[in-house]
Structures are given as structure tokens and as C-alpha cells.
Amino acid sequence: METRRPKQQPADKEMTPVQIEGVRKSSRETLAPRRLRYSPAAVTPRGRKRNIKDIQHKEEDSSVAEDSGMKATNGEGLSAYELERLENIRQNQAFLSAINLFQASMELKQSSVKQQPSQRGLRSRSPAEIKEVLPPRKSLRLQKKQAELLTLPPEPRGTSVVKEAFQLKKPAGPLSMEPVNMAEGSKLPPQLLKLCSDVGSSQQCATLTNYNYLICNIICQVHIFSYQVLPQERREELNVSEYTSLLKKMNISKVKVAKVVKDRIFSAAFHPSSTNLLMAAGDKWGKVGLWSLGGDWGDDGVLLFEPHTRPVSCLAFSRVHPTQLLSLSYDGSMRCMDMEKTVFDEVYDIKDGLKTFDFLSHDCSTLVVGSWHGDVAIVDRRTPGTSHESLHSLDPKVLRCVSVHPLQQQYFAAAMSEGVNIYDSRSLKRHQSQPVCQLRGHSLSISSCYFSPCTGNRVITSCLDNHIRIYDTTALTSEAPLLTSIRHNMQTGRWLSKLSAMWDPKQENCFIVGSLSRPRIVNVFHESGRPLHVFKDDEHLSTVLSVTAFHPCRNAFLGGNASGRLHIFSD
DNA sequence: ACGTGATGACTCC
DNA sequence: TGGAGTCCCTCACG
């Protein structure tokens with residue numbers, strides 16, 4: 001490109017308008033400010049691409065020039081053009097620093113560095129495994145054989161092949177509990193059973209955990225079923241600053257990330273053990289993975305099972321029998337992994353569409369189970385069989401989540417298309433049951449609702465209208481007052497599990513929620529909406545942790561992502 | 001009722 | 001190494 005920089009022009013000689021126009025057109029220098037708004041690269045008078053660093057450097061030069069009085073003494077060779085140019089550069093620089101472009105570009109560079117996902121846990125399939133080895137083929141023509149008359153198989157009626165595959169379900173009855181990531185016929189590691197049986201003494205629980213677990217231990221050991229008469233022995237609740245300082249101590253490391261299931265995580269749960277971190281995750285294709293941090297069995301402590309065929313949408317360990325894990329799936333089956341019997345027992349079964357459940361009694365024998373068709377069933381596990389439970393139709397469209405009141409367990413909250421309602425399970429009707437209380441104010445579909453863990457005085461909801469709402473349910477009147485509404489991006493789209501705000505079972509007023517922000521983070525908020533902590537880690541947290549859960553007694557939480565990896569932050 | 005677009009992580013070429 | 005393709009009873013909107 002031709003340069004017409006009027007270097008030789010005397011600085012003090014005024015340029016004619018024609019000359020200035022000419023200079024502007026040819027040098028492009030004066031266009032730079034506009035250009036720079038869109039691109040970090042500018043074009044120099046010589047047509048060379050110039051990067052930000054060059055400009056920075058020039059800027060330093062120009063400031064030096066100004067400082068040293070060069071501007072004042074134009075006799076040192078700086079023309080009016082040159083001065084104008086320097087001024088332009090200075091303005092560019094000021095503009096760029098005002099919008100933090102340098103910082104943003106650095107962050108972008110860092111975030112665009114592709115990180116290798118953790119190779120702990122389940123192994124990704126090797127190319128040899130993926131490529132099916134086929135016998136060498138030779139055409140009939142080359143074999144000098146008559147061509148076969150081929151007819152197409154009959155078209156499946158009404159359903160596509162994919163849809164038929166969706167409807168496949170595991171056979172009825174107990175399923176053997178064989179890990180699919182171990183050699184055929186492998187037994188469960190005996191250490192796992194020992195680990196699951198150990199949830200610590202009730203003394204430990206009294207000091208370490210919230211009272212839910214204390215109660216459970218008491219139920220286990222003394223068989224006291226009357227909940228309300230027990231003394232208020234729950235852990236002394238921390239004040240917010242104490243709690244925040246505990247959060248700050250939690251971190252992640254290489255060993256705390258592992259692939260636990262093969263596909264996107266739909267649900268996850270912590271085992272109540274206070275001595276070991278044991279987690280379960282359910283994925284899109286009916287797999288359930290058990291991961292013990294530091295376990296020396298399976299793949300880095302991961303065992304994989306296949307109790308369902310469709311997304312495992314809800315998982316929870318029994319609080320009374322910690323060797324039992326309940327799971328429920330879109331395929332319509334609900335099962336109980338029993339590590340002592342080493343089977344997946346059937347608990348409940350419908351045609352399809354099971355979505356959510358919660359324990360309705362402290363001994364975990366009765367459950368409220370919800371389907372996406374809008375029905376809830378009260379299931380009593382002590383009764384043999386799987387299909388004679390009482391069924392109630394709440395909402396003809398969708399039911400996303402149910403949550404049972406921790407103290408008054410006859411009440412449960414249900415997130416439906418119209419909003420969140422609280423029902424009394426004793427007075428449900430077959431159709432059109434009247435709610436005890438309504439939680440209004442949601443403008444789009446609601447993905448979850450949970451009673452606060454210790455008192456049930458709050459319900460937290462996560463809604464696709466980008467708000468997390470907290471309602472006061474102290475008095476279950478016809479309409480619960482909205483206490484807080486926190487803006488949070490919930491647009492996970494089609495390929496990620498939906499975000500759900502989850503209470504910390506150890507701290508009544510605080511909750512955790514995944515985030516779509518970059519760099520990836522996980523937020524902890526106080527119910528007032530005050531942000532308490534942001535979990536982040538450049539090295540080990542690089543994906544959206546849609547599914548999150550705090551440990552019931554340890555200072556730890558888990559987060560599951562769209563590729564089946566669990567992440568733990570713990571102290 | 002139906003079509004469409006947005007969304008993130010991974011795999012394959 | 002990077003970019004295209006894939007995932008698949010999503011949800012909201014037009």
C-alpha cells in the first residue's frame with residue numbers, strides 16, 4: 001500500500017482541507033478509533049496488521065513524547081499529522097482501557113484453551129472398541145454368485161425404531177447388581193458394603209450433621225418413630241460469616257473429578273457417610289454410577305450399573321438403610337439398589353414418564369412419586385407389588401418436582417406447569433385435589449421446588465424465567481408470600497440438565513446453584529439473595545455443573561456435568 | 001398444532 | 001489441531 005505520510009511536511013505549516021482529507025483517506029490512521037471498536041487489530045500506515053501490543057507500545061512512546069515536551073517543541077520532527085495521530089492513539093487507548101478489552105481478550109484466550117477432560121473414572125471408549133471389526137467382504141458379483149432378491153423389512157407400524165428403543169424397559173423383578181465396567185460375573189467389592197453401612201454413630205451425627213440424620217440414626221437404632229418429641233439437637237447453625245469461611249476452605253483437585261457415568265448426568269446424590277465421600281450419579285441412558293473418592297475398585301473407585309434404560313431423573317440414598325439407593329427413570333420404573341442383597345429391587349412401575357420422588361416418612365418406607373403426566377402416587381415400599389398405590393392426578397400437563405416438608409410430612413410441594421402447590425397427602429383426591437397453599441409468581445415453567453431442610457419454613461423454586469424464588473411457608477395459608485427473587489440465568493438449552501437451586505442440608509438459609517457464566521462457576525447464596533461464595537477453578541472446573549448437591553454432614557458438595565463427570569469441592 | 005432456534009460438551013475426521 | 005457434526009419426549013415463541 002502506498003504511504004503518503006507527510007513526514008517531511010513542516011509541523012507548523014497548516015494543512016489545507018484537501019491535504020487533510022487526502023491524508024485521512026490514504027493513511028487510515030484516523031479511521032483507527034472506529035475500527036478498533038470492532039477488532040483488536042488495526043492497520044498501520046504501511047498496511048501491516050498491528051496488534052494491541054503495538055498500540056500499547058506506541059502509546060507508551062507517545063506519552064513519553066508528551067512528557068518530554070516534544071509536543072511543545074515541534075522542532076524535533078513531529079508534524080501536525082503525527083501529533084494528531086498520537087492523539088488518536090491516545091484516545092483509542094483510553095477507549096480500550098475503558099471497556100476492559102485487554103482484560104476481556106486475555107480472559108477469552110484463557111477460556112478458549114481446550115482443557116483435557118479428566119481421565120479418571122470410567123474410561124472413554126478406545127477407537128478400537130468403537131469401530132466394530134467386520135469380516136472382509138466380497139461382493140456376490142466377484143464371487144460369481146446370483147444376486148439375492150432382497151426385500152425390505154416391514155415398516156414398524158406407528159412408531160419409529162428410535163421410539164421403540166425408548167420404550168424398552170428392563171425386565172420386571174429384581175435385577176442382579178453386576179457392575180458393567182468390571183469383568184463379567186464380578187462381585188461387589190466387600191469394602192463398598194462396609195463403607196455404605198458406616199454412617200457414623202448418632203453422637204457423631206449430633207455434632208456433625210443436621211438433625212435429620214440424628215433422627216435417622218435414632219430411628220435405626222432405637223426405633224423411635226415420633227419425630228416431633230425429640231429435643232432440638234440439631235447442629236448449632238453457623239452465622240453467615242462462619243459459614244462463608246467454611247465455604248472458602250473447600251477446593252477441588254485432580255482426584256476430585258471423575259467420569260462416573262457415560263452420558264449427561266440427570267441426577268446425583270451423596271451417601272450420608274461422614275467418613276467417606278461416596279456419590280451416586282444417574283445418566284441419560286439409565287446408568288447409575290457409584291463413586292467412592294479414593295476407592296481402589298472399578299475405575300478409580302467408580303462402579304457402573306444399568307438398572308434403567310432411560311434418563312435417571314431422581315436419586316436418593318435411604319436415610320434409614322444407607323446401603324439402599326432409590327432411583328427412578330423416564331422409562332417408568334423405580335428401583336432400589338440394595339447393596340446387601342446385591343439386587344435392584346422393583347419399587348414402583350408405570351408405563352413411562354417417572355420424574356421425581358421424595359421420602360414421605362422418616363423411615364423412608366413411604367414415598368411420593370411424580371410422573372411427567374402430572375400424577376402423583378403414594379407408594380408404600382412395605383407392601384409387596386409395584387402397581388397398586390394410590391394415584392392422584394394433579395396437573396394434566398407436567399409435574400417436575402416434589403418435595404416433602406421435613407417436619408410436617410403430610411405436606412408436599414409440587415412444581416407444575418401453572419406454579420407450585422403444596423398439598424396434604426392425607427386429603428388427596430383422584431382428580432382435582434385442592435392445594436393447601438399456592439406459590440405464585442412464576443412466568444415460565446418451573447424446574448424444581450424444595451422445602452428448606454430443617455424447618456420447612458421456606459420453599460425455593462427454580463424457574464425458566466431466570467429467577468430463583470424463595471417463599472415463606474411458615475404458615476401454610478392459601479398463598480405463601482414471596483420473600484426473595486434472585487435473577488439467575490437458567491437458559492441451559494436442550495443439551496444440559498436444567499439448573500436447580502438446592503438448599504444446604506446443614507445450613508437452613510443457604511443454597512447452591514450451578515451457573516452458565518464463563519469462566520465456569522458454582523454459586524452459593526443466602527436466602528436473602530446475598531451472594532456468599534463463588535466456587536471456581538481454572539484447571540478443574542471448565543464445564544457447567546447443572547446438577548449440584550451439598551453433603552448432608554461434611555463440608556463438601558458435588559457437581560455433575562453433561563459428560564457424566566462428577567466434581568467435588570471439599571475441605 | 002406445528003415448526004424452529006438456542007443452548008454446551010464431546011467425538012470424529 | 002480445529003471445526004463440523006451430534007446429541008434428541010426441551011422449551012418458548014411465532
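Naming: A, B, ... by sequence-line order, numbering from 1 per chain. Model, not experiment: these values are computed from the prediction.
To the nearest angstrom, P of C:dC9 lies 12 Å from CG of A:Asp331. The separation between A:Trp285 atom CH2 and C:dC7 atom P is 10 Å, rounded to whole Å. A:Leu496 places its CG atom 16 Å from the P atom of C:dC7, with the value rounded to the nearest Å. With rounding to whole Å, A:Leu464 atom CG is found 10 Å from C:dC13 atom P. Between the CZ atom of A:Arg310 and the C1' atom of C:dT10 there is a distance of 13 Å, rounded to whole Å. As rounded to whole Å, 9 Å separates atom P of C:dT10 from atom CZ of A:Phe266. Taking atom OH of residue A:Tyr330 and atom P of nucleotide C:dT10, one finds them 7 Å apart after rounding to whole Å. In this entry the distance linking CG of A:Leu122 with P of B:dC10 reads 14 Å, nearest Å.
For A:Asp465 and A:Arg469, the salt-bridge test passes: some basic side-chain N is under 4.0 Å from an acidic carboxylate O.
Distances from the side chain of A:Asp352 to the nucleotides C:dC9, B:dG8, B:dC10 place C:dC9 closest. The side chain of A:Leu444 lies closest to C:dC13, out of B:dA9, C:dC7, C:dC13. Counting only heavy atoms from C-beta on, A:Ala562 has its side chain closest to B:dA9 among C:dC7, B:dA9, B:dG8. When distances are taken from the side chain of A:Trp495 to each of C:dA12, B:dT7, B:dA9, the shortest belongs to B:dT7.
Distances shown here put a side-chain N or O of A:Ser445 below 4.0 Å from the OP1 or OP2 atom of C:dA12. Contact annotation: A:Lys498 side-chain N/O to C:dC11 OP1/OP2 distance is under 4.0 Å. Distances shown here put every side-chain N or O of A:Arg264 at or beyond 4.0 Å from the OP1 or OP2 atom of B:dC10. Within the structure, every side-chain polar atom (N or O) of A:Arg565 is placed at least 4.0 Å from both OP1 and OP2 of B:dA9. When the side-chain nitrogen and oxygen atoms of A:Arg400 are compared with OP1 and OP2 of C:dC11, one or more of them lie within a distance under 4.0 Å. Taking only side-chain nitrogens and oxygens, A:Ser563 comes nearer than 4.0 Å to OP1 or OP2 of B:dC10.
A:Asp263 comes within 4.0 angstrom of no nucleic acid atom, judged by non-hydrogen atoms across all strands.
Note that CZ of A:Phe511 is 11.5 Å distant from CG of A:Asp504, once rounded to the nearest 0.5 Å.
A side-chain donor from one of A:His308 and A:Ser327 sits under 3.5 Å from a side-chain acceptor of the other.
Comparing the C1' positions of B:dT7 and C:dC13 gives an interatomic distance of 16 Å, to the nearest angstrom.
The environment of NZ in A:Lys170 is crowded: more than 12 heavy-atom neighbours from other residues, nucleotides or ligands sit within 6.0 Å.
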Review item, side-chain donor-acceptor pairs of residues 526-535 of chain A, under 3.5 Å, at least two apart:
unit_1	atom_1	unit_2	atom_2	d
A:His526	ND1	A:Ser528	N	3.1
A:His526	ND1	A:Ser528	OG	2.9
A:Glu527	OE1	A:Arg458	NE	2.9
A:Glu527	OE2	A:Arg458	NE	3.3
A:Ser528	OG	A:Arg530	N	3.4

